[in-house]
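First comes the structure, then the notes that go with it.
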Amino acid sequence: MTKLILNRIYDKDLPSGYRVLVDRLWPRGMSKVRADLDLWAKEIAPSADLRKWFGHDPEKYAEFKSKYLAEIKTNPYTDEFLTSLTEALKTQDVLILYSAKDQEHNDAVVLMEYLNSKI
């Protein structure tokens, strides 16, 4: 059975699968060749205003999570994104990739929780 896997894009020895970057900004120091993406889903990332407000401050994480989930639910790209992941999951694992240093308090963790409730 295939699955969604959350990984930091900078991790060494990433598992194989359909590779999806969910950051709005390109990861610093990462070449496109090394990233080897199947999809850069920057449209599903938090808005620039929300991202800047959050600033990866763990104390703001609960409020950030609530605001980001609201953005996901109203984002016109969400249905297309879910469809592309569902299609990819029919044949392979899907790696949800992000670049944040904090592996517990970031938008990809919120998105992954949302995806696990929908797929």
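What's counted below: heavy atoms across the whole structure, side chains too, no hydrogens, waters or symmetry copies.
Stacking of Lys42 on the aromatic ring of Trp26 is not recorded, the 6.0 Å distance cut-off and the 45° axial limit not both being met.
Cluster membership for Val94 and Leu14, using ILVMFWY side-chain heavy atoms within less than 4.5 angstrom, is not shared. In this structure, Leu25 is not a member of the same hydrophobic cluster as Ile44, with clusters built from ILVMFWY side-chain heavy atoms closer than 4.5 Å. In this structure, Tyr77 is a member of the same hydrophobic cluster as Leu85, with clusters built from ILVMFWY side-chain heavy atoms closer than 4.5 Å. Put simply, Phe54 and Leu111 are part of the same group of oily side chains (I, L, V, M, F, W, Y) that touch within less than 4.5 Å, one to the next. When the side chains of ILVMFWY residues are joined at heavy-atom separations under 4.5 Å, either directly or via intervening members, Val22 and Leu37 end up in two distinct hydrophobic clusters.
A donor-acceptor distance shorter than 3.5 angstrom exists from the side chain of Asn106 to the backbone of Asp102, with no hydrogens or angles considered. Looking only at distances, no side-chain donor or acceptor of Arg19 sits under 3.5 Å from a matching main-chain atom of Leu97. Between the Ser66 side chain and the Ala62 main chain, no donor and acceptor come within less than 3.5 Å of each other.
Residue Ser47 comes nearest to Glu71 through the heavy atom pair OG-OE2, 2.7 Å, listed as atom of the first residue, atom of the second, then distance.
The distance from the CG atom of Leu69 to the CD1 atom of Ile72 is 5.0 Å, given to the nearest 0.5 Å. One distance of note links CG of Asp11 with CD of Gln103; it measures 6.0 Å at 0.5 Å rounding. For the atom pair Leu39 CG and Ile96 CD1, the distance stands at 8.5 Å (nearest 0.5 Å). Here the CD atom belonging to Glu80 is positioned 10.5 Å from the CG atom belonging to Leu82, to the nearest 0.5 angstrom.
Under 4.0 Å is where a charged nitrogen must lie from a carboxylate oxygen, and between Glu87 and Lys90 at least one such pair does. Comment: Glu113 engages Lys65 in a salt bridge, judged by a side-chain N to carboxylate O separation of less than 4.0 angstrom.
Annotation: side chain of Pro15 is in contact with side chain of Leu95 (closest heavy-atom distance under 4.5 Å).
For the 3.5 Å distance criterion, the side chains of Ser16 and Gln92 fail to qualify, holding no donor opposite an acceptor.
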Starting from the C-alpha separation in whole Å, work towards a yes-or-no answer on side chain to side chain contact (heavy atoms under 4.5 Å, CB included) for Lys67 and Trp53.
CA-CA 11 Å; Lys67 289 179 177 187; Trp53 169 83; 4.3 Å; yes
Residue pair Val20, Trp40: steps toward the side chain to side chain contact (heavy atoms under 4.5 Å, CB included) verdict:
CA-CA 6 Å; Val20 181; Trp40 181 12; over 6 Å; no
Donor-acceptor pairs are to be reported for all side-chain atoms of residues 1-10 against protein atoms at under 3.5 Å, with residues two or more places apart or in another chain.
unit_1: Thr2; atom_1: OG1; unit_2: Leu89; atom_2: O; d: 2.4
unit_1: Arg8; atom_1: NE; unit_2: Ser99; atom_2: O; d: 3.3
unit_1: Arg8; atom_1: NE; unit_2: Ala100; atom_2: O; d: 2.8
unit_1: Arg8; atom_1: NH2; unit_2: Ser99; atom_2: O; d: 3.3
unit_1: Tyr10; atom_1: OH; unit_2: Arg28; atom_2: N; d: 3.0
unit_1: Tyr10; atom_1: OH; unit_2: Arg28; atom_2: O; d: 2.7

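Using bins of under 30°, 30° to 60° and over 60° for the plane-to-plane angle, the ring pair Tyr68/Phe64 lands in the parallel bin.
Judged as a ring-ring contact (aromatic ring centres under 6.0 Å, His included), the pairs with a partner in residues 98-119 (not counting sequence neighbours) are, in order, Tyr61-His105.
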